[in-house]
Amino acid sequence: MTEHLVDPDVPRDLHAFIAGLPKAELHVHHVGSASPRIVSELAARHPDSKVPSDPEALVDYFTFTDFAHFIDVYLSVVDLIRTPEDVRLLTYEVARDMARQQVRYAELTITPFSSTRRGIDEGAFMDAIEDARKAAEAEFGTVLRWCFDIPGEAGLESAEETARLATDDRLRPEGLVSFGLGGPEIGVARPQFKPYFDRAIAAGLHSVPHAGETTGPQTVWDALTELRAERIGHGTSSAQDPKLLAHLAERRIPLEVCPTSNIATRAVRTLDEHPIKEFSRAGVLVTINSDDPPMFGTDLNNEYAVAARLLGLDERGLADLAKNGVEASFLDAPGKARIADEIDTYTANWLAS
Ligand SMILES: Nc1ncnc2c1ncn2[C@@H]1O[C@H](CCC(=O)c2cccc(C(=O)O)c2)[C@@H](O)[C@H]1O
Ligand SMILES: [Zn+2]
C-alpha cells in the first residue's frame, strides 16, 4: 500500500495484514483502473487530449464536483485509449497493479461500446483484452474475467451494440462472465434495458447492473425484477428501504460496496455516513471493491482498511470480508475453495506468528 493511503485510524499491523491478504475484486472498471503512470504515458502519446500528462496535475484533475463531472473526466480518459495496443497495455498493467495487492481474481468491467464507437476494430479489441488476460494469469497469477457493461446514458444503441458484442459467438471473449449497466442513473431508467439483459442471460452471462448509486432504492428493485440482477453494483440507497435490505439478505444478493468511490463522486457525504454498517447489520452479503481506484485516490487494500474502520473489524473479520468477495464471485466451486483456503491459511499463520 502506498504511504499516503495508510489510514491513521487503522493499526499498522492491520494494514500489513490487509496487504498480504488474498482477495477477489468484483467491481472495478477497466479504464477507471488506469494508474497515473499509464494515464500520463497515454496523455503524452496523445497530446491533443485535455488530460494532463503530469501525474501531480492528475490529482487535481481527478477531483470531482459531482457524479456528472466524474463521468466527463472519465470519458476524457476513455478518449486516450485509441489503439488495440493501448487496450492491451492498459489491461496488462491493471493486472500487475492487482497482483501487487494480492488480488487473486478480478471481474473487470469493460465498456466495449466506448472503444468500438471510437473506431477500434471489435475483433482486435477482443484479442487485446484476451492476450492481456492470458499473459497476466501466466506472469502474475491473477485470474481476470470480464463484465461487459452498457453505458446507459449513451442510449439503446449502446445497449444493442454491447449485447451484440457479448453474445456473438465469433466475438465474445472466453473470459466474459457477466453483463452490466453503468454511467449516470438519473434519467436512465433500468427497465428499458430488460431485452438486452434477457439476451445476455440467455447466452449464459450473469447480470450485474449498477443500481442505487446515484438514485433511490426503486432503481435497485428495478435492477432485481427487470434485469434479474445477481449482484448489485453499489446499491448504496438500499439503506433507505428496510424491505429491500431484508430481501437482499434473504436472497443472498451481494452488494458490491465501493466506499471511497461514493465519497469521491459525492453520492455519499462522508465515510462516517456510509451505509455499509446498515448493510452488514441487516445481514446483507457485503463485498469490498475499489471501482475506479486511481481516479478516487484509493486502491483495494485501502478500501479494506476503510471497511475495517467503519465496521470495527479485526483480522478474522477482514478475512470473512475477503471470503464474501470469493463467495459472491462467478468463479467455479473449486476456484472459490482454492482462494478461500488460501485466505484461511494466511489468516491462521498471521494470528499464530
Ligand atoms: N462509479 C461508477 N458508476 C457508474 N459508471 C461508472 C462508474 N465508474 C466508471 N463507470 C463507467 O462509466 C461508464 C460511463 C460512460 C458513459 O456514460 C457514456 C455516455 C455517453 C457516451 C459514452 C461513450 O463512450 O461514447 C459513454 C460506464 O459504462 C461505466 O463503465
Ligand atoms: Zn462502478
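For ligands, and for the atoms within them, numbers begin at 1 and follow the listed sequence. Computed over heavy atoms, backbone and side chain alike; hydrogens, waters and symmetry mates excluded.
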Short version for F296: what comes under 4.0 Å of ligand 1, heavy atoms counted, is neither
The Zn ion (ligand 2) contact by H27, N, O or S atom under 2.8 Å: yes
If you compare D79, V78, D149 by their heavy atoms, the one closest to atom 29 (C) of ligand 1 turns out to be D149
At under 4.0 Å between heavy atoms, what of D291 touches ligand 1? The answer is side chain
| request: Answer yes or no for P184: is there a heavy-atom contact with ligand 1 below 4.0 Å? | output: yes
**OP:** Just say parallel, tilted or perpendicular for the rings of H30 and F125, cut-offs at 30° and 60°.
**Re:** perpendicular
Is a donor from one side chain sitting under 3.5 angstrom from an acceptor on the other, for T116 and E161?
yes
Residue, atom and distance of the protein heavy atom nearest atom 25 (O) of ligand 1 read R117 NH1, 2.7 Å
The atoms of ligand 1 lying under 4.0 Å from a heavy atom of S114, numbered in the order shown, are 23 (C), 24 (O)
re atom 13 (C) of ligand 1, the protein heavy-atom contact at minimum distance is Y74 CE2, 4.0 Å
Counting from 1 in the order shown, the ligand 1 atoms closer than 4.0 Å to a non-hydrogen atom of R118 are 23 (C), 24 (O), 25 (O)
### Query
If you measure only the distance, is there a donor-acceptor pair under 3.5 Å linking the side chains of D149 and T109?
no
Checklist entry - Backbone or side chain, does D291 get an N/O/S atom under 2.8 Å to the Zn ion (ligand 2)? => result yes
H29 near the Zn ion (ligand 2): N/O/S under 2.8 Å: yes
Could you check whether atom CD of E174 has more than 12 heavy atoms from other residues, nucleotides or ligands sitting under 6.0 Å from it?
no
| message | Please tell me whether D222 and Q218 have a donor and an acceptor in their side chains that are separated by less than 3.5 angstrom. | response | yes
heavy-atom search around atom 22 (C) of ligand 1 in the protein gives L75 CD2, 4.0 Å
Any link between V143 and Y92 through a network of hydrophobic side chains (Ile, Leu, Val, Met, Phe, Trp, Tyr) touching at under 4.5 Å? no
Geometry only, no angles: is D292 polar-contacting ligand 1 at N/O separations under 3.5 Å?
yes
TODO: Answer yes if the ring centres of Y196 and F179 are under 6.0 angstrom apart, and no otherwise.
DONE: no
ask   = Counting only heavy atoms not in R45, do more than 12 fall under 6.0 Å of its CZ?
value = yes
Note: T265, heavy atoms under 4.0 Å from ligand 1, region reported as neither
**Request:** Assess the side chains of D7 and H15: does a donor N or O sit below 3.5 Å from an acceptor N or O?
**Result:** no
Review point. What orientation do Y74 and H29 show, parallel under 30°, tilted 30 to 60°, or perpendicular over 60°?
Key: perpendicular
Next item on the list: Report yes or no: do Y346 and Q102 form a side-chain donor-acceptor pair below 3.5 Å?
Entry: no
Atom 20 (C) of ligand 1 has as its nearest protein heavy atom A154 CB, 3.6 Å
| message | Parallel, tilted or perpendicular: which one describes the rings of H206 and F330, with boundaries at 30° and 60°? | response | parallel
Atom 2 (C) of ligand 1 sits nearest the protein heavy atom E213 OE2, 3.4 Å
In ligand 1, the atoms that come under 4.0 Å of a heavy atom of F67 are 3 (N), 4 (C)
**Prompt:** Can R231 and E107 be counted as an ion pair, charged N to O under 4.0 angstrom?
**Reply:** yes
Quick note on ligand 1: atoms under 4.0 Å from a heavy atom of H234 include exactly 1 (N)
Near T111 (heavy-atom distance under 4.0 Å), the atoms of ligand 1 are 28 (O), 30 (O)
Nearest non-hydrogen protein atom to atom 10 (N) of ligand 1, with distance, is H29 CE1, 3.4 Å
The option among G183, S261, P151 carrying the non-hydrogen atom nearest to atom 4 (C) of ligand 1 is G183
### Message
Would E185 count as a contact residue for ligand 1, given that I'm defining contact as a non-hydrogen atom of the residue lying under 4.0 Å from a ligand atom?
### Response
no
